[in-house]
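One structure coming up, written as structure tokens, with questions to follow.
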Amino acid sequence: MKPGRLILLALLIVVSACGGGSDDDSGGDGGDTGTGSNGGTSSEVDDLGYDSSFGEENLPAGFPSELIPTSFSAGQVSTPPGLDTQVVAFLSEQSFDDALEHYTGLLGEGQLIEAGGSRQAQWLTGPDWGVALFDEGEGPLVITFSEIVD
């Protein structure tokens, strides 16, 4: 595995454990595009930086539209301190199994990790974005994408 992908894996794990960063540098207007399931244009940002009105207009330029989750309730874009990579994260009420099936259909078999009541799946094979699903057993599913920079 390339060193850049190992760094990505560590970054995805840290981001998911911390709930992502709160540095929203997406520059979007926060309006609802119908992609999210928040149902309105009012914007609420939680303590972890997830914006309930996050939509496609908030995504970084060049983010692959096929990777956008089929449903989500909030999202964020952050740049972890000291790194030149962006992380896009979504909160979703979608089940882990449904999301796993969706991304397996898009990306092929990923790596599945189950321990202590939590589940994680990750795909590091894409040319530009690594994908990870995190289910802690409580709360929403966290779906993260980390830009792969070699």
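FYI, side chains are in, hydrogens and waters are out, and symmetry mates aren't considered; it's all heavy atoms of this structure.
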What is the minimum heavy-atom distance between Asp84 and Glu147, and which atoms define it?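 Closest pair (atom of Asp84, atom of Glu147, distance): O-OE1, 4.4 Å.
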Taking ring pair (Phe, Tyr, Trp, His ring centres under 6.0 Å) as the test, write out the residues that go with Phe96, two or more places apart.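 Applying ring pair (Phe, Tyr, Trp, His ring centres under 6.0 Å) to Phe96 gives none.
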Just do the side-chain contact (heavy atoms from CB on, under 4.5 Å) check on Ile143 and Phe72 with the steps written out, would you? CA-CA 9 Å; Ile143 305 171; Phe72 60 91; over 6 Å; no
Between Thr144 and Val142, does a side-chain contact (heavy atoms from CB on, under 4.5 Å) hold up when you go through it step by step? CA-CA 6 Å; Thr144 62; Val142 178; 3.7 Å; yes
Looking only at atom types and distance, does a side-chain atom of Ser92 sit under 3.5 Å from a main-chain N or O of Leu141, one as donor and one as acceptor?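 No, the answer is negative, given that no donor and acceptor are paired below the 3.5 Å cut-off.
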Calculate, to the nearest 0.5 Å, the distance between atoms CG and OG belonging to Asp51 and Ser73 respectively.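 OG of Ser73 is found 11.0 Å from CG of Asp51.
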Euclidean distance, Ser78 OG relative to Gln86 CD, rounded to 0.5 Å: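 These two atoms lie 8.5 Å from each other.
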Between Leu133 and Gln122, does the side-chain contact (heavy atoms from CB on, under 4.5 Å) criterion hold? Intermediate values first, please. CA-CA 6 Å; Leu133 309 175; Gln122 59 193 14; over 6 Å; no
Identify the two heavy atoms, one from Gly130 and one from Leu124, that lie closest to each other, and give their separation to 0.1 Å.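 Gly130 and Leu124 have their closest heavy atoms at CA-CD2, 4.4 Å.
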Write out all pairs satisfying salt bridge (Lys or Arg N to Asp or Glu O under 4.0 Å) with one or both partners inside residues 59-77, taking only residues at least two apart or from two chains.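 Found none.
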Should the pair Trp123 and Tyr103 be assigned to parallel (<30°), tilted (30 to 60°) or perpendicular (>60°) ring geometry?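 Tilted: the ring planes of Trp123 and Tyr103 meet at 30° to 60°.
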Donor + acceptor pair across side chains of Thr70, Gln94 (<3.5 Å):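 Yes - a donor-acceptor pair under 3.5 Å links their side chains.
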Reported CZ-to-OH distance for the pair Phe90 and Tyr50, which is rounded to 0.5 angstrom: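 With rounding to 0.5 Å, CZ (Phe90) is 10.0 Å from OH (Tyr50).
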Assess the residue pair Val77 and Val87 against the criterion (side-chain contact (heavy atoms from CB on, under 4.5 Å)); give the C-alpha distance rounded to whole Å, side-chain angles, the decisive distance to 0.1 Å, and a yes or no. CA-CA 6 Å; Val77 177; Val87 175; over 6 Å; no
Donor-acceptor under 3.5 Å (Asp98 side chain, Ser95 main chain):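 Checking the backbone N and O of Ser95 against the side chain of Asp98, no donor-acceptor pair under 3.5 Å is found.
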Mind jotting down which residue pairs meet the salt bridge (Lys or Arg N to Asp or Glu O under 4.0 Å) criterion with at least one end in residues 110-121? Sequence neighbours excluded, please.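 Qualifying pairs: Asp97-Arg119, Arg119-Asp135.
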